[in-house]
Amino acid sequence: MFVPCDRGGGSAAPDFKGFTLLMPAVSVGNVGQLAIDLVISTLDMTKVGYFYTDCLVPMVGNNPYATAEENSTELSINAEVYSLPSKKLVVLQIRSPFIKNKYRPFCETLLSWVKSSKCARVVLLSSSHAYQRDDEQLLGTPLRYLLTPDLEKAVGGHMKELNWKEMERVAAYPGISDTEKVLHIPGGGITKLLFTESCSEGIQMAVLLKFCSEGDNIPDAFVLVNYLNEWLQLIKSEVSTSNNSTDPSSQWKIPSSWRLLFGNGLPPALF
Amino acid sequence: EVVVAPSRAGLDEEEEAREETPEDREIRREIEKKREIDVVWTWRPGGCAEEPLVCSRFIVAIGRNAAAFLSSFILDSVCWEVVGVVKLWNEWCRTSSTTNVLPTDSFCLFYRLITDPTVLLCQCSCYVAEDQQFQWLEKVFGSMQKKGLQVTILSTCPVADYKTQESTLTLVSPFLKALKTKEFQEQVCCPLLEQPNIVRDLPAA
């Protein structure tokens, strides 16, 4: 599945042992994917390979993180892997929707790659339909987290210190009071499947998600990536001197491919 | 009535809903079989199957416009011969099984240059669905010897899909853009496609 980039000089395939794999779920508002774009763009990560998979709609374009003429012509496809060894971080970006009936095959192949490359843990950025929140979820923070039992032991305490809210389980049959509680992540794409599979395979996985709706999801992406940063400390959140708050939003670099996200401007001939 | 807006992320809510029953699996397999792609090489004498096609240049025209371009300017019965056909079915089209096609038919044919049989051309005017694109790719390229192969893909997109700051009325005509791999060292005849524009589906595959 994973095809390393040919960096020339006969370099060996990259080693992800002990790394954290950060990846998005293709979910409502594409928030996870937008947040990953911010991470790759801000940390100026190097592409180390791609996934050769029949599970995603094919797409190709030129470098979405181009900053100048010189680096704008590297081709980019639907599932690519970037790495930052100094932070032991490897990032997977997914750029197109899943093909029907391919959720499960993708999850299985991905998790077996996670195991074979000996990644220490997986962090999945995702989102869920805001309109499906219950009364309690409508109040307070729209951010939630989930940890597989293996990761719970390692970092569960830290989440409590950060005052993070765990994703609530809902009744399997709403309205009937004594049914079992299950995990329900509407609009989350592969999130629930990947999480439940990781639980049963003993993989350390964390899910960070935000409740949101379709629309301009750039602000949601910033909120989610800042949430991630509270834990992983990927960038320093500088204290702003003007209002003495720690708001790292301005330190994330928006990639050049986010231009014209909602189409072209109005043609003057219209008026 | 509250209408749920479809998600841009292309989410398939049914997928996460339930486990596959044996009946579901059976139905899914039947549909997959129906949607299977069949690549038939007509130049191979019957029986002889597995040696790969030696190919130095492969030109693929995807979509009716690109296919028509080849028909109008390149193909003729003197220099080119039909060597293969792709048979497929999906909700949008079924390819004709004959090689004597009309421009309005849905077809996917392979031609070979008679004076240089390593030059191959493909006219694919039928729509290849998302779940068939990878299969098309593997089956077509799987039959070829790919060393030293140069592939040129011709395709069209609506101008309305082109993202630009300037007005699309002032775009130069014909409006051509290209994408190339870093291995392609020759001169490209037009500017490269700049972000945020992308290509999807079979040309991308």
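Computed from a predicted structure; not experimentally measured. All heavy atoms count here, side chains included; hydrogens, waters and symmetry mates do not. Quick note on labels: first sequence line is chain A, next is B, and so on, each numbered from 1.
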* **Ser76(A) versus chain B, the contacting section by heavy-atom distance below 4.5 Å** => neither

* Against chain B, label Val26(A) side chain, backbone, both or neither, depending on which of its atoms sit under 4.5 Å from a heavy atom there. => both

* Structure fact -> Cut-off 4.5 Å, heavy atoms of chain A, and the answer for Glu138(B) is side chain

* To do: Counting only heavy atoms closer than 4.5 Å, note whether Tyr65(A) contacts chain B via side chain, backbone, both or neither.
  => neither

* Asn264(A) and Lys163(B): which non-hydrogen atoms are nearest, and at how many Å? -> OD1-CA, 2.9 Å

* Structure fact -> OG1 of Thr164(B) to CZ of Arg259(A), rounded to nearest 0.5 Å, is 7.0 Å

* **Reported CD-to-CG distance for the pair Gln133(B) and Asp54(A), which is rounded to 0.5 angstrom** => 11.0 Å

* Asked: Under a 4.5 Å heavy-atom cut-off, does chain A meet the side chain of Leu202(B), its backbone, both or neither?
  -> neither

* Around atom CD of Glu180(A), are there more than 12 heavy atoms of other residues, nucleotides or ligands at under 6.0 Å? -> no

* Can you tell me if CZ on Phe73(B) sees more than 12 non-hydrogen neighbours from other groups inside 6.0 Å? -> no

* Asked: Where on Leu260(A) is there a heavy atom nearer than 4.5 Å to chain B: the side chain, the backbone, both, or neither?
  -> both

* Asked: Of the backbone (N, CA, C, O) and the side chain (C-beta and beyond), which part of Glu130(B) lies under 4.5 Å from a heavy atom of chain A, both, or neither?
  -> both

* Structure fact -> One should read off an interatomic distance between Glu69(A) CD and Glu194(B) CD, to the nearest 0.5 angstrom, of 10.0 Å

* Asked: Can Lys100(A) and Asp131(B) be said to form a side chain to side chain contact (heavy atoms under 4.5 Å, CB included), step by step?
  -> CA-CA 7 Å; Lys100(A) 201 169 165 59; Asp131(B) 58 307; over 6 Å; no

* Roughly how far, to the nearest 0.5 Å, is the CD1 atom of Ile99(A) from the CD atom of Gln132(B)? -> 10.5 Å

* Structure fact -> Nearest heavy-atom approach of Ser257(A) to Gln195(B) is CB-OE1, 3.3 Å

* Which portion of Asn63(A) sits near chain B, non-hydrogen atoms under 4.5 angstrom -> backbone

* **Donor-acceptor pair, side chain of Asn62(A) and main chain of Leu193(B), under 3.5 angstrom** => yes

* Asked: What option among Lys182(B), Arg28(B), Gln135(B) has the most heavy-atom pairs under 4.5 Å with chain A?
  -> Arg28(B)

